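Here the structure is laid out as structure tokens; the discussion comes afterwards.
For clarity, every value in this text was computed on a predicted model and none was experimentally measured. Every number for a ligand or one of its atoms is a count from 1 in the order of the listing. No hydrogens, no waters, no symmetry mates; every other heavy atom, side chains included, goes into these values.
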Amino acid sequence: MKIACVLFFLLYLQEVLSDLQYDNCGYWVYSKGFGLPEYTERRVLNDVTVYYHDSRTRSKMPCPDWINTTAGKEEWSIIQFWSDHNKYIFTRGFQSATQQFNLTGSLSDQNIYQVTGCCSLYPNGTYRAFITHAFNGKDFLSFDIYRKTYVAVVPQAVQYKNQGESDSFTVDETAAYYKKTCLEQLNIFAQAPEVLVRKAPEVRIIEQQKAGSITVTCHVTGFYPRVVQVVWLGPDLQPVDEGVTDVLPNEDGTYQTRKSVIVPEEDVGEHTYSCVVLHSSVPDNITRVWVVEKRSRIAVWTSLTCVCLLVIGLGFWTCCRSRDAVS
Ligand SMILES: *[C@@H]1O[C@H](CO)[C@@H](O)[C@H](O)[C@H]1NC(C)=O
Ligand SMILES: *[C@@H]1O[C@H](CO)[C@@H](O)[C@H](O)[C@H]1NC(C)=O
Ligand SMILES: *[C@@H]1O[C@H](CO)[C@@H](O)[C@H](O)[C@H]1NC(C)=O
Ligand SMILES: *[C@@H]1O[C@H](CO)[C@@H](O)[C@H](O)[C@H]1NC(C)=O
């Protein structure tokens, strides 16, 4: 039963990783007083910036070489066109928000209007999209692509909502973009060489002795892309940190993560434990078996003995010293 469950779980994991989750996101920022370009636009597929534009540059980023289809090139010119239109409507957002919050919006104050729009394709084929606007770091407004309405998060956003909804061209185009075009773009961007890069993880097992148990950590590093699954297999394992693990960036653009479990000392040497890593860079998996060295137990006793001897030694030393002091 247990084995069947484990097998099922692994099959499920393999299924999950047979493909990746793709996020095609746009980040638009209009700010004043931060020393940044007034307006920036960034389009990012997973962790890779595919398109960048800001108000200091007059020309738009040219179509990269890896886009070599007619459809892809057309899509690129649409992005370039929208850079200007987006600048116009998000500047309006900035002005509306500063006014409604009774701020001057001048260069001597720091104000920032941020728009994030993402569409995601999950490995199971589910497609999702969202758009949010934030002002000075707080949620301001969102856009419902199916109802074609803005949702004001704070009363100060009602004015922008009304103004925005009266611009039916932008409303229709935005809804159409997130329903369909964003996914087409995602498929084009997914061909970027930086997105296609795969780096296999290095897997290492680290053990730490503690009274009555051993904590074993599976350290996984140097992998790309970010999505990874790390599983410990073996009986009586207790997760550390509620089994929650973060995936952290390395300086070279790869990622690392770790998963720790506690093995009760009475089980040490009785069973085999293994760390299984699933990642899109390797066709099957990377399995590291934790081999318990016989000296593990001996080591505990050895260190205990050492501590005892040290305590006795210290005892003698202090004893002698105080006697010296008296005489
Ligand atoms: C487009 O680029 C891909 C990979 O860079 C290449 O395999 C393909 O042959 C190219 N297609 C055309 C029409 O040039
Ligand atoms: C802005 O000023 C108006 C008029 O003085 C006032 O009614 C409103 O409550 C103020 N809004 C905020 C967010 O302080
Ligand atoms: C597909 O995966 C997403 C994200 O994990 C999940 O939210 C959604 O419910 C899944 N859909 C189906 C039909 O399984
Ligand atoms: C790992 O891959 C090997 C083949 O390389 C396979 O025999 C084994 O069942 C896989 N293990 C897990 C836990 O997926």
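At a 4.0 Å heavy-atom cut-off, ligand 3 touches R128 through the side chain alone.
Of the two cysteines examined, C25 and C118, the SG atoms meet the criterion of being under 2.5 Å apart.
Within ligand 4, the atoms closer than 4.0 Å to a non-hydrogen atom of D284 are 2 (O), 4 (C), 5 (O), numbered from 1 in the order shown.
Ring-plane geometry between Y113 and H133 is classed as perpendicular, the angle between the planes exceeding 60 degrees on a 0 to 90 degree scale with a lower cut at 30. Ring planes of Y150 and Y160: perpendicular class, angle over 60° (limits at 30 and 60°). Ring geometry for Y51 against H53 counts as parallel: the plane angle stays under 30°, on a 0 to 90° scale with 60° as the upper cut.
Nearest to atom 14 (O) of ligand 2 among the protein's heavy atoms is N102 ND2, 3.4 Å. Looking only at protein heavy atoms, the nearest one to atom 4 (C) of ligand 3 is Y122 CD2, 3.5 Å. Summary of contacts: the protein heavy atom closest to atom 13 (C) of ligand 3 is T126 OG1, 4.2 Å. What sits closest to atom 11 (N) of ligand 3 on the protein, heavy atoms only, is N124 ND2, 2.9 Å.
Within a 4.0 Å radius of atom 2 (O) of ligand 2, the protein has at least one heavy atom.
Cluster annotation: Y224 is connected to V247 through the hydrophobic network of ILVMFWY side chains, with a link wherever side-chain heavy atoms come within less than 4.5 Å. With hydrophobic clusters built from ILVMFWY side chains whose heavy atoms lie under 4.5 angstrom apart, I145 does not share a cluster with V153.
An N or O contact shorter than 3.5 Å is missing between Q156 and ligand 2 by distance. Considering backbone and side-chain N/O atoms, N285 comes within less than 3.5 Å of an N/O atom of ligand 4.
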Please tabulate, for the side chains in residues 85-95, all donor-acceptor contacts under 3.5 angstrom to protein atoms that are two or more places apart in sequence or on a different chain.
{"unit_1": "H85", "atom_1": "NE2", "unit_2": "T170", "atom_2": "OG1", "d": "3.0"}
{"unit_1": "N86", "atom_1": "ND2", "unit_2": "W82", "atom_2": "O", "d": "3.2"}
{"unit_1": "T91", "atom_1": "OG1", "unit_2": "K87", "atom_2": "O", "d": "2.5"}

